[in-house]
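Here, residue 1 is the first one in the sequence, and each next residue gets the next number.
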Amino acid sequence: ALGCFWAKEMGFPIKEIILSTNSNKSIDHFSKTGQIKAFPTRKTVANAMDVGNPSNLERLKILNKKPETFMVEDSEILKTIQSTLLSHTYLVCPHTATAFFARKNLAQEKKYTLVATAAPKKFKTVILKNFPDLEECFTESNFLEEKFETSSKNIKEISNLIKNNF
């Protein structure tokens, strides 16, 4: 998420940044108050977000940024994994599910880009614990090949690279 703010500061055409999080409170608290406060860490299905005192908040505070946040409970994360698979035939990890859930609850007439940094196969254990019938989704043939592109620092080149490849 911090990278989105840096990209916006560098001139990338980003209008608003909304962070979706699990039910751990620290990011949402910072968004609402501008204050960094440690909270007890809650175990969730989006376990890479299970942080009660995230270090990146200090960087956001230095940038003087208070992002809008959208907290998502485990039950909604699990429903979103299932509904996304059924409606888009696409399996998302629990963290990406928070973004899909947030998007469903934001103004539908606006355009948003969802940014996910994790593949569902990294969270196979969590997904299969909640959806044991999805074992077949975890064969290598069901995952896209990783793709990397390089570009200059030119904003138009970067924008065209994204438009043409993703």
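- With Lys8 contributing its side chain and Lys15 its backbone, the two residues share a donor-acceptor pair below 3.5 Å.
- At least one side-chain heavy atom of Ile81 sits less than 4.5 Å from a side-chain heavy atom of Leu91.
- Clustering ILVMFWY residues whenever any of their side-chain heavy atoms sit less than 4.5 angstrom apart, transitively, puts Met10 in a cluster other than the one holding Ile17.
- The shortest non-hydrogen separation linking Asn130 to Pro132 is C-CD, 3.6 Å.
- The nearest pair of heavy atoms linking Phe12 to Ser159 is CE1-N, 4.5 Å.
- Taking the six-membered ring where tryptophan is involved, the planes of Phe70 and Phe101 are perpendicular, since the angle between them exceeds 60° and thus also 30°.
- Going from atom CG of Asn154 over to atom CG of Leu161 covers 11.5 Å, rounded to the nearest 0.5 Å.
- Contact of the Lys32 side chain with the Lys66 side chain is not registered, since no non-hydrogen atoms from C-beta on lie closer than 4.5 Å.
- Note that the OG atom of Ser83 and the NE2 atom of His88 stand 7.5 Å from one another [nearest 0.5 Å].
- The line from CG of Asn160 to CD1 of Ile155 is 10.5 Å long, rounded to the nearest 0.5 Å.
- For the atom pair NZ of Lys65 and CG of Leu60, the computed distance is 9.5 Å after rounding to the nearest 0.5 Å.
- Closest approach of Leu19 and Pro67 over heavy atoms only: CD1-CG, 3.5 Å.
- Side-chain N or O atoms of Asp28 include none that pairs as donor or acceptor with a backbone N or O of Met71 at under 3.5 Å.
- A search for ring pair (Phe, Tyr, Trp, His ring centres under 6.0 Å) contacts involving Phe30 returns nothing, not counting sequence neighbours.
- For Lys104 and Glu76, the salt-bridge test fails: no basic side-chain N is under 4.0 Å from an acidic carboxylate O.
- Remark: the backbone N or O of Leu106 is paired with a side-chain donor or acceptor of Gln108 at under 3.5 angstrom.
- Leu85 has its side chain out of reach of Phe131: every pair of non-hydrogen atoms, C-beta onward, lies at least 4.5 Å apart.
- Here the closest non-hydrogen pair linking Ile77 and Ala97 is O-CB, 3.7 Å.
- Residues Val45 and Phe123 fail the side-chain proximity criterion, which asks for heavy atoms closer than 4.5 Å.
- Contact detail for Ser152 and Glu157: the closest heavy-atom pair is OG-OE1, 2.8 Å.
- With sequence neighbours left out, Phe39 forms a ring pair (Phe, Tyr, Trp, His ring centres under 6.0 Å) with His29.
- Two different hydrophobic clusters hold Trp6 and Val115 under the rule that ILVMFWY side chains link at heavy-atom gaps under 4.5 Å.
- In this structure, CD in Glu9 is found 10.0 Å from CD1 in Ile14, a value given to the nearest 0.5 Å.
- For Leu114, the side-chain contact (heavy atoms from CB on, under 4.5 Å) criterion is met by Ala99, Phe100, Arg103, not counting sequence neighbours.
- Counting non-hydrogen atoms of other residues, nucleotides and ligands closer than 6.0 Å to CG of Asn64 gives a total of 12 or fewer.
- Panel note: side chain Asn24, backbone Arg42; a donor-acceptor pair is recorded below 3.5 Å.
- A distance of 10.0 Å separates OG1 in Thr80 from CD in Gln82, rounded to the nearest 0.5 Å.
- Residues Ile36 and Asn53 meet the side-chain proximity criterion, which asks for heavy atoms closer than 4.5 Å.
- Using modelled atom types and a 3.5 Å distance limit, the side chains of Asp50 and Thr44 yield a donor-acceptor pair.
- When all heavy atoms of Ile27 and Pro54 are compared, the closest pair comes out as CG1-CG, 3.9 Å.
- Using a 4.5 Å cut-off on side-chain heavy atoms (C-beta onward), Arg59 and Phe5 make no contact.
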